[in-house]
Amino acid sequence: MSKHFELMQEEQRELGREIAPIRESNTVLFPGSLVDRNPRPGSRDFDRVAQEECLKLVQRIFLGQPTNDCRTIVFAGVDRGNGCSRICVEAARSLAANTSGSICLVDGNFRTPSLPRFFGVSDDTGLTDSLFGEAPIRSFAKQLTPSNLWLLSAGALAPESPSLLNSDHLKLRFQELRTEFDYVLIDAPALNQYSDVIALGRVADGVVVVLEADSTRRESALKGLASLREAHIEVLGAVLNRRTFPIPDFVYRRL
């Protein structure tokens, strides 16, 4: 069993080398479960280990920077269904619990928006509506619990909505978000499926890439990372989601 664990660690190190140069210290591993593969709307079923890994991610990306230069971050799965939205939500919750600063969680996924269901709120107005209006950006967001956490949902969508991500008005709205909130976390569509991540990455400080254990192909990860680098968008970290353990979880926590 110990040998199996060592082999798994070596495989993960090899993957890390192949997708370099992601900041090694900003790569975290999220444990998985059957529940993880079929999350219920609004579910808070992350176990303690996963919550600890989420806190590590927040500390390394947001709170561990002496100059605090990473304030607006895109979360993007390499492929659809990597669990990116859930990790983005948990990162926002963890950040809100560990800082007094204000956090705005933005649903930048105009293809399959999902963030409102995690909080049980409506998606009646949001980012798309702000692009056609002149009211302050905060008026389109919903205050959540804790009180320093806000959600800017996708809003009213139309077939042409994804093209709005390349508009000058979007850039102005994200400049406003930077002024209004201390931190902005953006949930994006799949990196290898749409070019939306590139548009969102250009208004952010960088991207955190989400991969799924035993699912994301190395070739897919390399392709997605190459597209970000070609666009001169910094990859700030990586999350290996739904990682399974070859040894009992309670033993793993003691290692």
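Quick caveat: nothing in here was measured; it's all calculated off a predicted structure.
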So CG of L152 and CG of D107: to nearest 0.5 Å the spacing works out to 8.5 Å
Any side-chain heavy atom of T72 within less than 4.5 Å of one from R178? yes
Tested for side-chain contact (heavy atoms from CB on, under 4.5 Å) against I233, the lone hit among V207, D205, V197 is V207
CG (L105) and CZ (R93) are apart, to the nearest 0.5 Å, by 9.0 Å
- Message: Please determine whether a side-chain nitrogen of the Lys or Arg among D79 and K223 lies less than 4.0 Å from a carboxylate oxygen of the Asp or Glu.
- Response: no
Is the NZ or CZ atom of R71 positioned over F62's six-membered ring, under 6.0 angstrom from the centre and within 45° of the axis?
no
So, K142 side chain and S153 main chain: donor-acceptor pair closer than 3.5 Å or not?
no
Are side-chain heavy atoms of V210 and V78 found at a separation under 4.5 Å?
-> no
C104 versus L185: any side-chain heavy-atom pair under 4.5 Å?
-> no
field: Whether S167 side chain and L164 backbone form a donor-acceptor pair below 3.5 Å
entry: yes
Between R173 and D168, does any side-chain N to carboxylate O distance fall below 4.0 Å? no
Quiz item: Do the side chain of T128 and the main chain of A156 share a donor and acceptor less than 3.5 angstrom apart?
Solution: yes
Note: G155 and D129 closest approach over all heavy atoms is CA-OD2, 3.4 Å
With a 4.5 Å cut-off on side-chain heavy atoms, are I103 and W150 touching? no
R138 to F181, cation-pi by 6.0 Å centre distance and 45° axis angle | yes
### Query
Is any side-chain heavy atom of L63 closer than 4.5 Å to a side-chain heavy atom of L95?
yes
Item to complete: For residues L170 and L131, determine if any side-chain heavy atom of one lies less than 4.5 Å from a side-chain heavy atom of the other.
Response: yes
query: Donor-acceptor pair, S147 side chain versus Q143 backbone, under 3.5 Å?
result: no
Separation between CZ (R111) and OG (S161), nearest 0.5 Å, reads 9.5 Å
Open item on the list: Is any side-chain heavy atom of V239 closer than 4.5 Å to one of V209?
Closed with: no
When every non-hydrogen atom of I198 is compared with those of A231, the smallest separation belongs to CG2-CB, 3.8 Å
Tightest non-hydrogen contact, residues V89 and L115, listed as CG2-CD2, 3.6 Å
*Determine whether L165 and L157 fall in the same hydrophobic cluster, where Ile, Leu, Val, Met, Phe, Trp and Tyr are linked whenever their side-chain heavy atoms lie under 4.5 Å apart.*
yes
CD (E134) and NE2 (H169) are apart, to the nearest 0.5 Å, by 5.0 Å
So CG of L177 and CG of L172: to nearest 0.5 Å the spacing works out to 11.5 Å
Closest non-hydrogen atoms of D182 and S102, given as atom of the first, atom of the second and distance, are OD2-N, 2.8 Å
Notebook entry, point to check: Do any N or O atoms from the side chain of S139 and from the backbone of P136 form a donor-acceptor pair under 3.5 angstrom?
Noted result: yes
Applying side-chain hydrogen bond (donor to acceptor under 3.5 Å, both in side chains) to N192 and not counting sequence neighbours gives none
Of all heavy-atom pairs linking C84 and G77, the shortest is SG-N, 3.6 Å
Between the main-chain N or O of A96 and the side-chain N or O of N148, is there a donor-acceptor pair closer than 3.5 Å?
-> yes
Residues passing the side-chain contact (heavy atoms from CB on, under 4.5 Å) test with T112, sequence neighbours excluded, are R80, N109
Heavy-atom nearest pair, V203 first then K171, reads CG1-CG, 3.9 Å
Taken to the nearest 0.5 Å, the spacing of L200 CG from I73 CD1 works out to 12.5 Å
